[in-house]
K.L.:
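I have a structure here, written as structure tokens, and I will follow up with some questions on it.
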There are 2 protein chains.
Amino acid sequence: MRREVTLRDVAELAGVSSRTVSNVVNGYANVTERTRERVQRAVDELGYRPNVLARNLAQGRSGQIAVVVPYLDTPYFSELLQSVIRAARARGYNVLIDQTDGDPEHERAFIAHGSRRLLFDGVIFSPLGLDQQALADRDPALPLVVLGERTSDGGFDHVGIDDVTASRQATDHLLDLGRQRIAAIGDQPYATGEAAQRRTRGFRLAHQARGLVPREDLIISTPRFNRPDGAQAMAHLLDLAEPPDAVFCYSDLVALGAIRTIVSRGLRVPEDVAVIGYDDIEDGAYSNPTVTTISPDKEMIATTAVDRLLLRIASDTPPPGLEMRAPHKLIIRESTAGRTTATA
Amino acid sequence: MRREVTLRDVAELAGVSSRTVSNVVNGYANVTERTRERVQRAVDELGYRPNVLARNLAQGRSGQIAVVVPYLDTPYFSELLQSVIRAARARGYNVLIDQTDGDPEHERAFIAHGSRRLLFDGVIFSPLGLDQQALADRDPALPLVVLGERTSDGGFDHVGIDDVTASRQATDHLLDLGRQRIAAIGDQPYATGEAAQRRTRGFRLAHQARGLVPREDLIISTPRFNRPDGAQAMAHLLDLAEPPDAVFCYSDLVALGAIRTIVSRGLRVPEDVAVIGYDDIEDGAYSNPTVTTISPDKEMIATTAVDRLLLRIASDTPPPGLEMRAPHKLIIRESTAGRTTATA
DNA sequence: CTGAAAGCGCTAACAG
DNA sequence: CTGTTAGCGCTTTCAG
């Protein structure tokens, strides 16, 4: 690599100090129009490009934020990431993406003091299960925004939709349809399964509000929220003496897996079993049948998270941890309403 | 941010020079066991962490590679990305992900001389359509590996599967099934559509080898390779006087969109129309029906690309541009073989 | 409004 | 095997 054009080279050619060139390049105010022009000409002539690495070192910041998700190839995350990248870029930040594979150890390492420190100025974190231990070990100096609803433990922000309410609405929708035996797929009754547990809570609340009690054997736990999990859980449910006539799935992928099982047994959706998902991923809008779902406002989640993180990065005195809610809505499609709705 | 522990602090405490500390931290050989220990103790005591930014500047490299894809939320890319990230990380590199939204301007900017120069040491590029102009403008000093088959124009590498052969196999499969009127969805008869055109070539070759000539009105162009493209194209095909009895789709998403249209018209897959896709994304293994597809070895593509890029980064004299083929295979599922195959 | 100069923290010639 | 020291290229305090 041949020697690069430096700030000094430009300064020399323009007959000014490197300080002035720096001012011009960074668009600072204190420069005469005349000198600005002269410098600009020199910049163009030499083809000068600032060295990001040097700037980073001098400023002590990297201009990059990290986004940490469990799985990159899960549609919900990749759709969300897209919005985050766009938002960050619009604000002059690069995005470094990291995948934890759902490994709690990896998740923990990411927000703890690490050797990658300084490689990013802050982190937007979508934990699969972030336990109290991990939060206790975290580097308090690292600006952090966590995705997903949770009671903020202070020192960082949360952005997410109201899971309990959304889950209750989903369940209400099935109850409104007159379904009698509603199952839930995706519970995770252990420390790192808080998100799942909030959905289960909503599921129960919807029943209770009508004086009903959900059958415990219809609440199925799954290790993850993928198609295979849904397919397997559904197979189990259909083998019951009294199988469900509706299912609330904690993700659209789970719903797609469940639908697959239902159909492959020769049953019909929604006639025999109505299915509702969660996340509103694109797949669900094109599957057979299309999937009714809870749709979180991903764009809003992304921009809120980025804005809040940048604010946190910019502040000397860290702002208090905030709990932020993005809106969601129920989108009714064929898997609960039936084919009649389809016009496509 | 309070002052960080520096190399010098460690050196002072250990009573050695910073050079020696650097040697220890980087695991270089020339250090006595005794001093190494002493230094290590000092490192631990002070909780020293190397400053990546400073190292980058001193070394003139960033330890990051960029991966540029058209769309992050397209399953094929997100699945591929996952493998790339894993491979890069295993080799000590961070991955910076970028999305071009298929914008040729954006694609061009990425491999041209840019102000982001030095932020990454090399680029793995999956262009939607990389025209000759873009290649001409590229920064010849930037190590580059391009994904997707193409005749290498020198100075960079290509990694991809043999599109023509794969497409021919896909078409052969449909012909072997005895289908008479086979359509193709996804052609892109313009400069940036080379990948699509290779598939069309394979489609034609399969016909020619049997003395057949494909009907031109059954070869449909689409702007992208998504579900809506497939759905729309299929609608058009079904409106023809003599609709096809089989379709070769240039991506699984297109196939899923097409299937959606077929089914919503009350027709059956594969009885009325057999459908084959391309990419082997997870969706296709769980859809109704499951989708027969061409499955590229993504893991192989990713590791080959990363290895080759790192080699390129490490060499002073750039190696010649190589054309590398990853293996692929045909996976037969319900959309061509029928439900009988299904056991799930 | 502009110059001079001191770092940012680390690496790597060049001695010794 | 280890110390000295000169940068990497930019930002930024402090003068002027």
Side-chain angles (χ1 to χ4, degrees), chain A residues 1-40 42-43 46-64 92 115-119 121 316, chain B residues 1-40 42-43 46-64 92 114-119 121 314 316:
Chain A
M1 183 157 43
R2 72 186 178 297
R3 199 174 149 292
E4 301 286 349
V5 180
T6 81
L7 208 56
R8 184 140 48 226
D9 297 332
V10 178
E12 222 163 88
L13 178 62
V16 299
S17 83
S18 62
R19 166 67 205 261
T20 303
V21 179
S22 176
N23 278 341
V24 171
V25 170
N26 293 296
Y28 293 158
N30 306 337
V31 186
T32 330
E33 192 47 46
R34 271 197 50 230
T35 39
R36 174 186 305 288
E37 242 171 45
R38 199 142 41 97
V39 170
Q40 191 56 53
V43 165
L46 266 42
Y48 168 75
R49 301 269 154 210
N51 181 324
V52 199
L53 264 35
R55 174 178 303 178
N56 288 348
L57 176 59
Q59 292 187 150
R61 31 150 282 167
S62 67
Q64 300 190 121
S115 62
R116 299 246 287 295
R117 183 203 56 168
L118 286 187
L119 203 52
D121 301 333
D316 320 298
Chain B
M1 182 156 46
R2 74 188 177 296
R3 199 175 150 292
E4 301 286 348
V5 180
T6 81
L7 209 57
R8 193 157 23 244
D9 298 331
V10 178
E12 220 162 89
L13 179 61
V16 298
S17 82
S18 64
R19 167 67 206 261
T20 303
V21 179
S22 176
N23 278 341
V24 171
V25 170
N26 293 295
Y28 292 159
N30 307 336
V31 186
T32 330
E33 191 48 44
R34 270 196 51 228
T35 39
R36 174 187 304 288
E37 244 171 43
R38 199 143 40 97
V39 170
Q40 190 56 53
V43 165
L46 265 43
Y48 167 75
R49 302 268 153 212
N51 181 324
V52 200
L53 264 35
R55 174 179 301 177
N56 287 349
L57 177 58
Q59 290 187 150
R61 30 150 281 164
S62 67
Q64 300 191 123
S115 64
R116 298 248 287 296
R117 182 204 57 169
L118 286 187
L119 203 54
D121 300 332
D316 321 297

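Chain naming here is simple, since letters A, B, ... match the order of the sequence lines and numbering starts at 1 in each. Hydrogens, waters and symmetry mates play no part in the numbers below; they use all other heavy atoms, side chains included. These numbers were taken from a predicted model, which means no experiment stands behind them.
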K.L.:
Any side-chain N or O of B/Ser22 below 4.0 angstrom from OP1/OP2 of C/dC10?
P.N.:
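Checking B/Ser22 against C/dC10: no side-chain N or O falls below 4.0 Å of OP1 or OP2.
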K.L.:
Could you give the CG-to-C1' distance, from A/Asn23 to D/dT12, as a whole number of Å?
P.N.:
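Going from CG in A/Asn23 over to C1' in D/dT12 covers 10 Å.
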K.L.:
Does a distance-only test, which skips hydrogens and angles, find a donor-acceptor pair under 3.5 Å between the side chain of B/Arg61 and the base of C/dT11?
P.N.:
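Result: no qualifying N/O pair found.
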K.L.:
Can you tell me how far C1' of D/dC8 sits from CG of A/Asp9, to the nearest Å?
P.N.:
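Spelled out: CG on A/Asp9 to C1' on D/dC8 is 14 Å.
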K.L.:
Can you check the A/Arg19 CZ to D/dT13 C1' distance for me, whole Å?
P.N.:
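Between C1' of D/dT13 and CZ of A/Arg19: 8 Å.
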K.L.:
Would you check if there is a donor-acceptor pair between the side chains of B/Asp121 and B/Ser62 at a distance under 3.5 Å?
P.N.:
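Yes, because at least one side-chain N or O of B/Ser62 sits under 3.5 Å from a partner of the opposite role on B/Asp121.
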K.L.:
Do the non-hydrogen side-chain atoms of B/Gln40 and B/Val24 ever get within less than 4.5 Å of each other?
P.N.:
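In short, these two side chains touch, coming nearer than 4.5 Å.
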K.L.:
Quick check for you: to the nearest 0.5 Å, what is the distance between B/Ser17 atom OG and B/Leu7 atom CG?
P.N.:
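Between B/Ser17 OG and B/Leu7 CG, I get 9.0 Å after rounding to 0.5 Å.
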K.L.:
Can you tell me how far C1' of D/dG9 sits from CG of A/Asn51, to the nearest Å?
P.N.:
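My rounded result for the distance is 6 Å.
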K.L.:
Whole angstrom is fine here: how far is it from CZ in A/Arg8 over to P in D/dT11?
P.N.:
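Nearest whole value for this atom pair: 13 Å.
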K.L.:
Can you tell me how far C1' of D/dC10 sits from CZ of A/Arg49, to the nearest Å?
P.N.:
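After rounding, the gap between these two atoms is 17 Å.
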K.L.:
Closest nucleotide of DNA chain D for B/Leu57 versus for B/Ser18: which of these residues is on the 5' side?
P.N.:
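Checking each residue's closest nucleotide, the 5'-ward one belongs to B/Ser18.
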